Q: 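Just dropping this structure here.
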Amino acid sequence: MSASLKVFSQGNVRVILPAGDWNLSAVAAIDRELRNLVDPLVKGGNGATGQVRMAMESLGRLDTAGAWLIARTIKELEAANIPVELIDADDEQKALIDLVRNGVACEPSRDREVHAIKRGIEHLGQATVRAIQEGYTLIAFFGAVVWTLFVNFFKPSTWRITAIFHHLEHTGVNAIPIVTLMSFLIGIVLAYQGSSQLTQFGAEIFTVNLLAVSVLRELGILMTAIVVAGRSGSAFAAQIGMMKVNQEIDAMRVIGLDPLDVLVMPRLIALMIALPLLFFLAIVSALVGGALVVVFGLDIPMVQFIRQLQSAVGAEALFVGLVKAPVFAFLIALVGCFEGLQVENNADSVGVQTTKAVVVTIFLVIVVDAIFSILFSVLGI
């Protein structure tokens with residue numbers, strides 16, 4: 001029996017008479033008819049009636065889709081302060097209508113659309129709240145790591161020497177080729193770009209000063225830290241994240257092992273040893289690259305290059321980079337392990353947290369480097 005809808009008035013009462021089978025195949029046509037009826041009533045455009053009565057005596061079969069239409073109609077009319085009376089419905093129909101009624105929205109979907117600017121502000125606010133919460137959690141994790149490092153320092157028996165050397169190989173030895181090549185090329189670029197400008201003023205010899213100061217104080221340690229963050233920081237997050245997904249960390253806690261002792265401390269100590277050594281290697285590689293440009297491109301003898309290098313920078317320039325190295329290493333290991341421990345029990349979360357580990361680490365490294373620059377400037381170093 002095809003679905004239909006009749007509407008007539010009995011005095012002050014508007015009667016809605018559903019008829020036929022109100023099921024999924026008929027809801028599209030019936031929905032249009034209900035809209036033409038309900039919208040004028042809700043908006044009061046036709047001298048709205050004081051009451052609506054839905055008589056179910058002619059209704060045939062009713063499924064969830066048809067019950068949803070009836071429930072939505074009742075809610076929209078009641079929201080407009082129009083009383084609705086449901087009569088002649090059997091127990092099954094009433095039960096089905098009541099079942100779907102609690103999940104029906106009164107407002108049409110088009111009235112719930114949010115302006116793009118408002119939605120953007122909401123997203124910005126939500127992202128800010130999440131960032132503050134994650135920052136608070138990271139600070140708490142930082143405190144736990146520092147305390148664990150302090151306690152283990154006085155307990156040599158707890159040092160996991162094998163794990164430290166294992167991570168020292170992966171974070172230090174295996175990173176030598178990429179750090180060396182990158183620093184060598186940076187030295188060439190700095191020397192070439194600097195000489196092309198200084199030659200215009202007959203001051204090409206000061207290319208050595210530019211190269212030495214840039215590499216020893218800033219670019220050497222900064223670029224090394226960024227490479228290590230992308231390489232080792234992401235590896236820490238991915239490794240610990242997969243252990244979290246496989247419930248290995250839960251198993252550690254069950255047998256009485258602290259993940260900070262087993263997973264975080266060896267990686268942290270290994271990276272704090274490896275990064276200063278990689279920084280020293282990066283300095284040598286960059287100076288060699290710059291020396292090639294100066295000697296072969298500017299026809300400056302190697303002896304003069306070395307003398308100018310000695311007069312351009314002193315031990316304090318190397319000290320500046322070496323002070324930054326363990327701090328950057330601590331940040332890289334801290335964030336990498338923290339994001340790995342934040343992984344949820346699904347593979348997608350591993351990728352998300354690994355990406356976040358790299359982004360957050362590079363951001364913090366640059367911020368801390370800026371703080372160091374201001375501090376050394378104030379101290380006159």
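These figures come from a predicted structure and were not determined experimentally.
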Q: Is there a side-chain contact between Val264 and Thr148, using heavy atoms and a 4.5 Å cut-off?
A: no

Q: Is the backbone of Gln193 close enough, under 3.5 Å, to the side chain of Ser196 for a donor and an acceptor to pair up by distance?
A: yes

Q: Taking all atoms of both residues into account, what is the closest heavy-atom pair of Thr207 and Ser195, and its distance?
A: OG1-CA, 3.4 Å

Q: In Å, rounded to the nearest 0.5 Å, how long is the span from CG of Asp348 to CD of Gln353?
A: 10.0 Å

Q: So, for Val365 and Ala225, which heavy atoms are closest and what is the spacing to 0.1 Å?
A: CG1-CB, 4.0 Å

Q: Do you reckon Phe305 sits in the same ILVMFWY cluster as Val303, going by side-chain contacts under 4.5 Å, direct or chained?
A: no

Q: Are Ser214 and Leu210 side-chain neighbours, meaning at least one heavy-atom pair lies under 4.5 Å?
A: yes

Q: Test Val320 against Ile221 for side-chain contact (heavy atoms from CB on, under 4.5 Å), laying out the working first.
A: CA-CA 9 Å; Val320 168; Ile221 183 59; over 6 Å; no

Q: For Phe338, enumerate each residue passing the ring-ring contact (aromatic ring centres under 6.0 Å, His included) test, keeping only those at least two apart in sequence or located in another chain.
A: Phe141

Q: Rounded to the nearest 0.5 Å, what separates atom CD1 in Ile186 from atom CE in Met223?
A: 4.0 Å

Q: State the CG-CD distance between Leu211 and Gln308, to the nearest 0.5 angstrom.
A: 11.5 Å

Q: If we only count heavy atoms from C-beta on, is the Ile283 to Leu318 side-chain gap below 4.5 Å?
A: yes

Q: Drop me the distance from Thr361's OG1 to Ile366's CD1, to the nearest 0.5 angstrom.
A: 11.0 Å

Q: Distance check, rounded to the nearest 0.5 Å: Ile139 atom CD1 versus Leu334 atom CG?
A: 10.5 Å

Q: Minimum heavy-atom separation for Leu271 to Phe236, with atom names?
A: CD2-CE1, 4.1 Å

Q: Are any side-chain N or O atoms of Ser232 and backbone N or O atoms of Ala229, one a donor and one an acceptor, separated by less than 3.5 Å?
A: no

Q: What is the minimum heavy-atom distance between Lys244 and Gln342, and which atoms define it?
A: NZ-C, 4.4 Å

Q: Applying side-chain contact (heavy atoms from CB on, under 4.5 Å), run through His166 and Thr162 and close with a yes or a no.
A: CA-CA 6 Å; His166 170 76; Thr162 303; 5.6 Å; no

Q: Treating Ile, Leu, Val, Met, Phe, Trp and Tyr as nodes and any side-chain heavy-atom pair under 4.5 angstrom as an edge, say whether Met272 and Val173 lie in one connected cluster.
A: no

Q: Ion pair present between Lys324 and Glu218, side-chain N to carboxylate O less than 4.0 angstrom?
A: yes

Q: Check whether more than 12 heavy atoms from other residues, nucleotides or ligands sit under 6.0 Å from atom OH of Tyr192, and answer yes or no.
A: no

Q: Could you tell me which non-hydrogen atom of Asn345 sits nearest to which non-hydrogen atom of Val245, and how far apart they are?
A: OD1-CA, 4.3 Å

Q: Quick check: does any side chain N or O of Asp63 sit under 3.5 Å from a backbone N or O of Gly66, one acting as donor and the other as acceptor?
A: yes

Q: Check whether any side-chain heavy atom of Val294 sits under 4.5 Å from a side-chain heavy atom of Met302, and report yes or no.
A: no

Q: Among the clusters formed by ILVMFWY side chains lying less than 4.5 Å apart, do Val352 and Leu138 turn up in the same one?
A: no

Q: May I ask you to decide if the ring planes of Phe376 and Phe372 are parallel, tilted or perpendicular, using 30° and 60° as cut-offs?
A: parallel

Q: Are Val262 and Ile164 joined in one hydrophobic group, where the rule is that I, L, V, M, F, W and Y side chains link up if heavy atoms are under 4.5 Å apart?
A: yes

Q: I want to check something: taking the side chain as every heavy atom from C-beta on, are Asp369 and Phe328 in contact at a cut-off of under 4.5 Å?
A: yes

Q: Just one of Val15, Leu17, Val84 clears the side chain to side chain contact (heavy atoms under 4.5 Å, CB included) bar with Met54, so which one?
A: Val84

Q: Less than 4.5 Å apart, side chain to side chain, heavy atoms only: is that true for Lys356 and Glu134?
A: yes

Q: Considering residues, nucleotides and ligands other than Gln200, do more than 12 of their heavy atoms fall under 6.0 Å from its CD?
A: yes

Q: Listed by chain and number, what are the ring-ring contact (aromatic ring centres under 6.0 Å, His included) partners of Phe280, not counting sequence neighbours?
A: none

Q: Taking Ser349 for its side chain and Glu344 for its backbone only, find out whether a donor-acceptor pair lies under 3.5 Å.
A: yes

Q: Is there side-chain contact between Phe330 and Val146, with at least one heavy-atom pair below 4.5 Å?
A: yes

Q: Taking Leu260's backbone N and O only, do any of them form a donor-acceptor pair with Asp258's side chain (distance below 3.5 Å, no angle check)?
A: yes

Q: Considering only heavy atoms from C-beta outward, does the side chain of Ile269 approach that of Trp159 to under 4.5 Å?
A: no

Q: What's the verdict on side-chain contact (heavy atoms from CB on, under 4.5 Å) for Glu339 and Thr354, showing C-alpha distance, side-chain angles and the deciding distance?
A: CA-CA 7 Å; Glu339 296 296 347; Thr354 301; over 6 Å; no

Q: Same cluster or not: Val288 versus Ile300, using hydrophobic residues (I, L, V, M, F, W, Y) connected whenever any side-chain heavy atoms lie under 4.5 Å apart?
A: yes

Q: Using only atom types and a distance under 3.5 Å, with no angle test, would you say the side chain of Asp88 pairs donor to acceptor with the backbone of Ala55?
A: no

Q: Can you see which heavy atom on Val343 is nearest to which on Asn346, and at what distance?
A: CG1-O, 4.4 Å

Q: Which value, rounded to the nearest 0.5 Å, describes the distance between Leu216 atom CG and Phe279 atom CZ?
A: 5.5 Å

Q: Check the pair Leu298, Thr199 against side-chain contact (heavy atoms from CB on, under 4.5 Å), reporting the backbone distance first and the verdict last.
A: CA-CA 9 Å; Leu298 302 178; Thr199 303; 4.2 Å; yes

